[in-house]
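Each ligand, and each atom within it, is numbered from 1 in the order the structure gives.
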Amino acid sequence: MLYLVATPIGNLGDITVRALDVLRSVDYVASEDTRKTGMLLKHFEIKKPQIAFHEHNEDRAGERITGLLAEGKSVALVSDAGTPGISDPGYTIVQKAIAAEIEVTMLPGPSAVVMAAVLSGLPLHSFTYRGFPPHKPGPRRRFLEVDLASPHTLIFYESPYRLVALLKDALEVYGDRDAAVAHELTKFHESIHRGKLSDLLAAFTQTPPKGEFVVVIAGAAKPEN
Ligand code: SAM
């Protein structure tokens with residue numbers, strides 16, 4: 001059995017009871033970063049052999065893991081933080097397991113996209129998760145333009161080094177929409193800034209950002225009938 005196990009995005013208290021039960025019971029833990037996961041396991045006094053599974057060895061490690069699963073072993077896949085597969089390695093091993101008719105399940109838990117979406121206060125009947133925008137200005141603008149007419153709330157992950165550039169390009173591409181920037185969710189310095197894109201751009205230009213961020217932007221206004 002393959003378990004995709006969500007882990008905390010900052011606050012270790014967010015691990016679920018089921019996640020701990022599964023991490024204790026499986027034969028192997030497949031982890032994006034064995035050192036970081038080692039610290040998590042140690043915190044919860046769990047000793048388990050780990051298999052490195054990250055973007056640079058996803059194919060090879062995926063074959064090894066599906067081989068173990070086919071032999072009847074159980075494996076829990078975790079990423080550095082949050083939900084495996086969400087802007088993290090995960091879906092390719094799910095594909096391999098499905099193809100090999102191996103049972104797969106997920107242990108739900110933290111994910112920054114969901115927490116930021118809910119805290120933004122923006123409509124969530126539907127939303128579009130875009131992950132990380134490209135680093136360079138031209139590709140980033142074209143990436144944003146894809147959703148110009150979309151009525152759905154838009155959600156992006158961004159590093160502190162490119163947050164201001166993303167807000168600036170978003171303001172130019174979408175106009176001055178309502179938005180929110182979620183910062184250091186579940187951590188001691190958790191904050192959420194809500195306002196127009198121009199307000200957020202001004203705030204983060206003044207104070208250089210540090211830490212982890214999610215940007216949530218209102219969708220295009222629906223045309224009047
Ligand atoms: N799999 C993770 C999830 O389910 O949220 C996301 C992994 S992705 C590689 C890391 C990005 O998620 C960060 O750069 C940031 O944009 C966002 N993120 C993760 N933890 C966060 C937190 N505590 N507060 C704000 N954003 C966070």
Side-chain angles (χ1 to χ4, degrees), residues 2-16 18-19 22-23 29-37 39-40 43 52-58 61-62 76-94 104-122 124 127-135 140 143-144 153-170 179-194 197 200 203-204 207-217:
L2 172 65
Y3 301 88
L4 282 93
V5 180
T7 57
I9 57 169
N11 187 324
L12 290 179
D14 292 333
I15 192 96
T16 69
R18 285 184 69 210
V22 164
L23 290 170
V29 174
S31 22
E32 191 184 2
D33 181 329
T34 52
R35 191 187 58 88
K36 282 192 187 157
T37 299
M39 281 157 57
L40 180 82
H43 180 87
F53 179 78
H54 46 72
E55 58 176 340
H56 305 295
N57 76 349
E58 216 171 329
L77 174 74
V78 299
S79 64
D80 283 2
T83 297
I86 306 294
S87 293
D88 267 339
Y91 80 89
T92 58
I93 193 150
V94 174
V104 188
T105 192
M106 179 191 163
L107 275 79
S111 191
V113 53
V114 174
M115 188 165 172
V118 172
L119 288 179
S120 72
L122 293 169
L124 293 177
F127 62 85
T128 303
Y129 170 62
R130 294 298 314 275
F132 287 97
H135 296 186
R140 181 169 52 233
F143 174 91
L144 295 176
T153 292
L154 305 172
I155 306 178
F156 306 88
Y157 283 172
E158 192 49 288
S159 100
Y161 309 109
R162 286 177 291 277
L163 178 70
V164 168
L166 171 61
L167 293 172
K168 190 165 169 289
D169 284 352
V181 175
H183 172 231
E184 295 288 88
L185 294 170
T186 77
K187 301 184 194 176
F188 184 73
H189 290 294
E190 173 180 310
S191 67
I192 178 125
H193 291 66
R194 303 179 188 87
L197 275 169
L200 298 171
F204 286 102
T207 315
K210 277 189 193 152
E212 296 197 279
F213 292 92
V214 184
V215 176
V216 188
I217 302 177

>> What I want to find out is whether Lys187 reaches Glu212 closely enough, with some N-O distance under 4.0 Å, to be called a salt bridge.
In response: yes
> So with a 6.0 Å cut-off around CZ of Phe204, is the heavy-atom count from everything else above 12?
Replying inline: yes
>> Please evaluate residues Phe188 and Asn11 with respect to the criterion side chain to side chain contact (heavy atoms under 4.5 Å, CB included), reporting the C-alpha separation (whole Å), side-chain torsions for both, the decisive distance (0.1 Å), and the verdict.
In response: CA-CA 8 Å; Phe188 184 73; Asn11 187 324; over 6 Å; no
>> Closer than 3.5 angstrom, by distance alone: can the side chain of Asn57 be matched with the main-chain N or O of His54 as a donor-acceptor pair?
In response: yes
> Is the number of heavy atoms from other residues, nucleotides or ligands under 6.0 Å of Tyr91 OH greater than 12?
Replying inline: no
>> Parallel, tilted or perpendicular: which one describes the rings of His183 and Phe213, with boundaries at 30° and 60°?
In response: parallel
> Got the residues with a heavy atom under 4.0 Å of ligand 1, by chain and number?
Replying inline: Ile9, Ala81, Gly82, Thr83, Ile86, Ser87, Asp88, Ser111, Ala112, Phe132, Tyr157, Glu158, Glu184, Leu185, Lys187, Glu212, Phe213, Val214
